[in-house]
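In this chain, numbering begins with 1 at the start of the sequence shown.
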Amino acid sequence: MPSTPHASAEEVTPFTADDYRARMTRAAESAADAGLAGVLVAPGPDLVYLTGYQPTAITERLTVLVLAAGQEPVLVVPTLEAPDAERATGAAALTLRDWTDGKDPYTVTAPLLDVGGRFGVSDNAWAMHLLGLQQALPGTSYVSLTEALPMLRGVKDAHELARIAAAGAAADQAYGEILKVRFAGRKETDVAADLAALLMRFGHSQVDFTVVGSGPNGANPHHEAGDRTIERGDMVVLDFGGLKHGYGSDTTRTVHVGEPTDEEQRVHDLVREAQQAGFEAVRPGVACQEIDRAARKVITDAGYGEYFIHRTGHGIGVTTHEPPYMIEGEELPVVPGMCFSIEPGVYLPGRFGVRIEDIVTATEDGAGRRFNNTPHEMAIVE
């Protein structure tokens, strides 16, 4: 099981060919254990995770990584993209096989596959490519990797944890700075732009979202920042994140413009208590659904259960949303190195919403560890 030290941002080091080789081997072996003949990986997060290769452009030309237990990994790429693929760090751990325009890429790929095998396929693979492979090998069948191998990227090693820690620390810095800006009299989009700029300033290479939900807009968990002018007396939900060092950040805090009402303070305190309860439920071996249950019970017992309308959390890694999910019915056990959000919320339609979110991991000593460490108490902004 990967170790889970309390790595700091200073410990972020480049991945090596050996790191990618180990990931590909583990993926092939996991596929075999799941009864699959192998794994087919199209351009996207899975390919980046397994090889370090990200095509400069994803086109209709077939690119696919073929992994099978006991078989050398092979990356099939268009000839014109082969030089870029060769420069990927993980290229040293695989065989590159290219095909030229005018040729059938499926005849290049088909010999690498078991003619009657069932394969796990990355979720973002193009249907035309699966259909092409199935036409070349009618005896094959396919299942999504999220269904077949949901934890392919789920358990992070020490180097990955260092990246998530760095991303979380950068998001925390962005939050600390956004509290200094003026909210009242500005549009949600203005504050969202400030947040995006701060994430980039603190080292993010990509901003995935900057939710700014003021007043009644905060009652929509996925409200996109709009033209509403933030007013004094508004509760404002701030949910933001992206990628730093190739790994995700995602945090939410709810602030208030001026002094809150007693009810607003009471709901915020309730969500803060629920978030803490979810965090305290984190330990190796506990089912993911137990984290959802712990947070949800606090809100339900207080009479607000119908206003907590989403799951308690989601995994995070090379994407900001990935398995596992902290939701009723998910019996997958938490293991050290698994990273996920805990983000309960209460949403009162037409009035306001409150959400508090940290990214956390389970550690081998049985305790949870937060990657976001800004105060959970309601901040008052101007």
Side-chain angles (χ1 to χ4, degrees), residues 168 171-172 175 209-223 235-241 248-256 260 263-283 286-316 320-332 334 338-362 367-379:
D172 284 357
Y175 176 68
F209 49 88
T210 51
V211 172
V212 179
S214 65
N217 288 342
N220 176 359
H222 281 174
H223 169 71
M235 194 86 85
V236 185
V237 178
L238 304 172
D239 184 352
F240 52 98
S249 69
D250 186 0
T251 188
T252 307
R253 295 292 185 265
T254 303
V255 303
H256 199 277
E263 181 189 22
E264 288 170 332
Q265 186 66 62
R266 184 171 65 253
V267 173
H268 190 280
D269 288 345
L270 174 64
V271 174
R272 180 159 57 95
E273 181 184 349
Q275 208 276 344
Q276 180 64 25
F279 176 71
E280 291 176 356
V282 176
R283 61 185 183 276
V286 70
C288 290
Q289 67 181 359
E290 294 301 329
I291 296 167
D292 180 85
R293 288 174 177 176
R296 197 170 300 276
K297 183 177 188 302
V298 172
I299 292 173
T300 300
D301 287 353
Y304 287 87
E306 66 182 294
Y307 303 112
F308 180 9
I309 56 177
H310 55 73
R311 65 197 176 203
T312 292
H314 58 82
I316 193 168
T320 48
H321 279 213
E322 62 184 43
Y325 299 102
M326 308 300 118
I327 185 64
E328 182 67 32
E330 179 52 83
E331 298 180 351
L332 188 73
V334 171
M338 185 185 285
C339 298
F340 48 89
S341 68
I342 299 178
E343 50 179 303
V346 168
Y347 309 94
L348 302 179
R351 301 183 63 205
F352 65 88
V354 177
R355 183 164 65 256
I356 299 173
E357 174 186 17
D358 294 326
I359 299 301
V360 307
T361 189
R369 172 194 174 193
R370 298 183 193 271
F371 289 111
N372 297 107
N373 295 290
T374 55
H376 288 180
E377 290 76 16
M378 187 193 302

Please identify each residue that fulfils salt bridge (Lys or Arg N to Asp or Glu O under 4.0 Å) with E343, with sequence neighbours left out.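 E343 satisfies salt bridge (Lys or Arg N to Asp or Glu O under 4.0 Å) with R355 only.
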For [Y], is there any backbone N or O sitting under 3.5 Å from a side-chain donor or acceptor partner on [X]?
| X | Y | result |
| --- | --- | --- |
| D292 | T312 | yes |
| H376 | E273 | no |
| R253 | A379 | no |
| D172 | N373 | yes |

Heavy-atom side-chain contact between [X] and [Y] under 4.5 Å:
| X | Y | result |
| --- | --- | --- |
| Y307 | V267 | no |
| I316 | S341 | no |
| M378 | D269 | no |
| R311 | M326 | no |
| C288 | V334 | yes |
| V237 | F352 | no |
| V360 | F340 | yes |
| F371 | T251 | no |

Can you classify the ring geometry of H222 versus H321 as parallel (below 30°), tilted (30 to 60°) or perpendicular (above 60°)?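 Geometry flag for H321 against H222: tilted rings.
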In chain order, what residues pass the side-chain hydrogen bond (donor to acceptor under 3.5 Å, both in side chains) check against [X], with sequence neighbours excluded?
| X | answer |
| --- | --- |
| S214 | E188, R228 |
| R370 | Q275, Q276, D358 |
| R351 | E263 |
| E377 | none |

Closest contact, heavy atoms only, [X] versus [Y]:
| X | Y | result |
| --- | --- | --- |
| E290 | A281 | O-CB, 4.2 Å |
| V271 | P344 | CG1-O, 3.4 Å |
| A219 | G350 | CB-N, 4.3 Å |
| G213 | H223 | CA-CD2, 3.7 Å |
| M338 | P324 | SD-CG, 3.4 Å |

Could you list the residues that satisfy ring pair (Phe, Tyr, Trp, His ring centres under 6.0 Å) with F308, not counting sequence neighbours?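 F308 satisfies ring pair (Phe, Tyr, Trp, His ring centres under 6.0 Å) with H310 only.
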Let me see the working for Y304 and L348 under side-chain contact (heavy atoms from CB on, under 4.5 Å), right down to the final yes or no. CA-CA 9 Å; Y304 287 87; L348 302 179; 4.1 Å; yes
Rounded distance [0.5 Å steps], [atom1] in [X] versus [atom2] in [Y]:
| X | Y | atom1 | atom2 | answer |
| --- | --- | --- | --- | --- |
| I327 | R293 | CD1 | CZ | 10.5 Å |
| T320 | H314 | OG1 | NE2 | 7.0 Å |
| K297 | T300 | NZ | OG1 | 9.0 Å |
| I291 | F279 | CD1 | CZ | 10.5 Å |

E357 pairs by side-chain contact (heavy atoms from CB on, under 4.5 Å) with which of L238, N372, D250, T254?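 With E357 as partner, L238, N372, D250, T254 yield a single side-chain contact (heavy atoms from CB on, under 4.5 Å), made by D250.
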